[in-house]
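Report on the structure given below.
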There are 2 protein chains.
Amino acid sequence: MSQTHLDPALDRRSQILDAALVCFAKHGFHQASMHDISAEAGISVGLIYRYFENKEAVIAAMADRHKREIQEVLERAREAPTLLESLEILFTAHCCENSPKVLSAFVVDLYAEASRNPQVANLVRDVLQTSMDGVTDLIARSPEGKNAAGGLTPKELSELIFAVARGMLMYDVLQPQEMTEAERRTAQLEVVRRLWRLLFTNTTELVEA
Amino acid sequence: MSQTHLDPALDRRSQILDAALVCFAKHGFHQASMHDISAEAGISVGLIYRYFENKEAVIAAMADRHKREIQEVLERAREAPTLLESLEILFTAHCCENSPKVLSAFVVDLYAEASRNPQVANLVRDVLQTSMDGVTDLIARSPEGKNAAGGLTPKELSELIFAVARGMLMYDVLQPQEMTEAERRTAQLEVVRRLWRLLFTNTTELVEA
DNA sequence: TGACAATGAATGAACGTTCATTCATCTTAC
DNA sequence: GTAAGATGAATGAACGTTCATTCATTGTCA
């Protein structure tokens, strides 16, 4: 719409993946039918097969797009001025960007799929490892990371942070539909700040006291 | 086998649910067919319908059984002599009791289902709330819980602990099949002790120093 | 410019398969 | 003999996938 379409085929693929995200989040990978997706995208079923070999390929492409989106979030987190702000970006990106719950539901489904499909598991593990390495680096470089609580290393801290992030994502899908994006974001930020206090400010405060 | 069967109907139900757990973990709720379940249980398809109204009812019964199992774990955790041991029970119960990954895969699937099925969501939320209340209580009663790091309340600590537990459960499904139960348990225990150091021993150590 | 041919994006009915569910039939226990 | 337990072939709906067909757009030649 806003820009000239350099590659219409890429637009179509994106359009189909956008529709698939909505359908997958609403019904799950294997309960969402190709007809559901085509209806959501406003196109015919057959057209999907012009851009994707089969349903599996749609799922794989979704996972791949998710990988790229996560890497973009990591990039933004890297550029934040403070470690706390980096963490805030990481924790709120997953859960609040799109319409409520859609992304969280998709990611939980992705992990469920990963538990059965080794290819998906490899991709998710790869994304996770890259992200954790990035955050480990972020912590190691930041002044707060030097004297973290409990004598934990940057790597251990990063693992803990990502465990909490995944856990909150799981918690998010239990929330009723009525919760708005803003409410979810607020809840997430509260958790980040609590975690922050715990991991990075406790020791310092005690030393100062 | 080992005991006289007081209620054969209950045995059959358990037998079917045992088989369903294996199939659900292996294929997911909606990809596991009733034939898969009957084959795993060593009975005919039709017999399942004598004990369960339909497939949804099997899923609901599985969720319900899971609820009772979690409550038993909580009971055992309550009876542990120290808070650390309570946490160790809570963190290792989810992931290591049955054959590797089966339980974790089931729980991740349960959360995925909860994101679409409000009834399942209510049940899972209920289990979680009860468990968290129990652990909050456990922390409040324990000597270590009084002077926790970061000035966090028992409720906040409990929320954090359960977020990490859920996060580690998600991480568990990414692990390759080859990992044994013992390896998974060891990995979990390491996380518990790290969390323990962070939450409950840091302040004290510094005061002593 | 206008007439015509070629293209390939897009359609949706149809196909083969799978699956949840049913039920007529058989077996077992007392 | 009868009631309850157990079977698995049969049913029909739903699904992923295919493909003959349509038609707007583009290219070609006069």
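Bear in mind the structure is a predicted one, so any value in this text is a computation, not a measurement. Per chain, numbering begins at 1; letters A, B, ... match sequence-line order.
C:dA9 atom C1' lies 8 Å from atom CZ of A:Arg12, rounded to whole Å. Separating the CD1 atom of B:Ile16 from the C1' atom of D:dA6 is a distance of 11 Å, rounded to the nearest angstrom. Straight-line distance from the CD1 atom of A:Ile37 to the C1' atom of D:dC15: 12 Å, rounded to whole Å. Between B:Asp11 atom CG and D:dA6 atom C1' there is a gap of 16 Å when expressed in whole angstrom units.
Donor-acceptor pairing under 3.5 Å is lacking for the side chains of B:Glu183 and B:Thr186.
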Sequence-aligned protein contact record of nucleotides 19-25 of chain C, with B where the base is within under 4.0 Å of a protein heavy atom and S where only the sugar-phosphate is: -SBB---

B:Arg12 vs B:Gln15, test: side chain to side chain donor-acceptor pair (under 3.5 Å). Steps then yes/no. CA-CA 5 Å; B:Arg12 270 272 183 260; B:Gln15 180 190 4; 2.5 Å; yes

Verdict with supporting geometry, A:Arg194 and A:Glu190, salt bridge (charged side-chain N to carboxylate O under 4.0 Å, His left out): CA-CA 6 Å; A:Arg194 208 178 283 167; A:Glu190 201 187 323; 2.8 Å; yes

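With hydrogens and angles disregarded, no donor-acceptor distance shorter than 3.5 Å links the side chain of B:Ser38 to the backbone of B:Ser44.
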Donor-acceptor contacts under 3.5 Å from residues 59-68 of chain B side chains, at least two apart:
residue	atom	partner	partner atom	Å
B:Arg65	NH1	B:Asp18	OD1	3.0
B:Arg65	NH2	B:Asp18	OD1	3.1
B:Lys67	NZ	B:Asp126	OD2	3.0

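Residues satisfying the ring-ring contact (aromatic ring centres under 6.0 Å, His included) test with B:Tyr111, not counting sequence neighbours, are none.
Set against D:dT7, D:dG5, C:dT11, the side chain of B:Arg50 has D:dG5 as its closest nucleotide.
In this model, the phosphate group of C:dA9 is not approached by any side-chain N or O of A:Tyr51 to a distance below 4.0 Å at OP1 or OP2.
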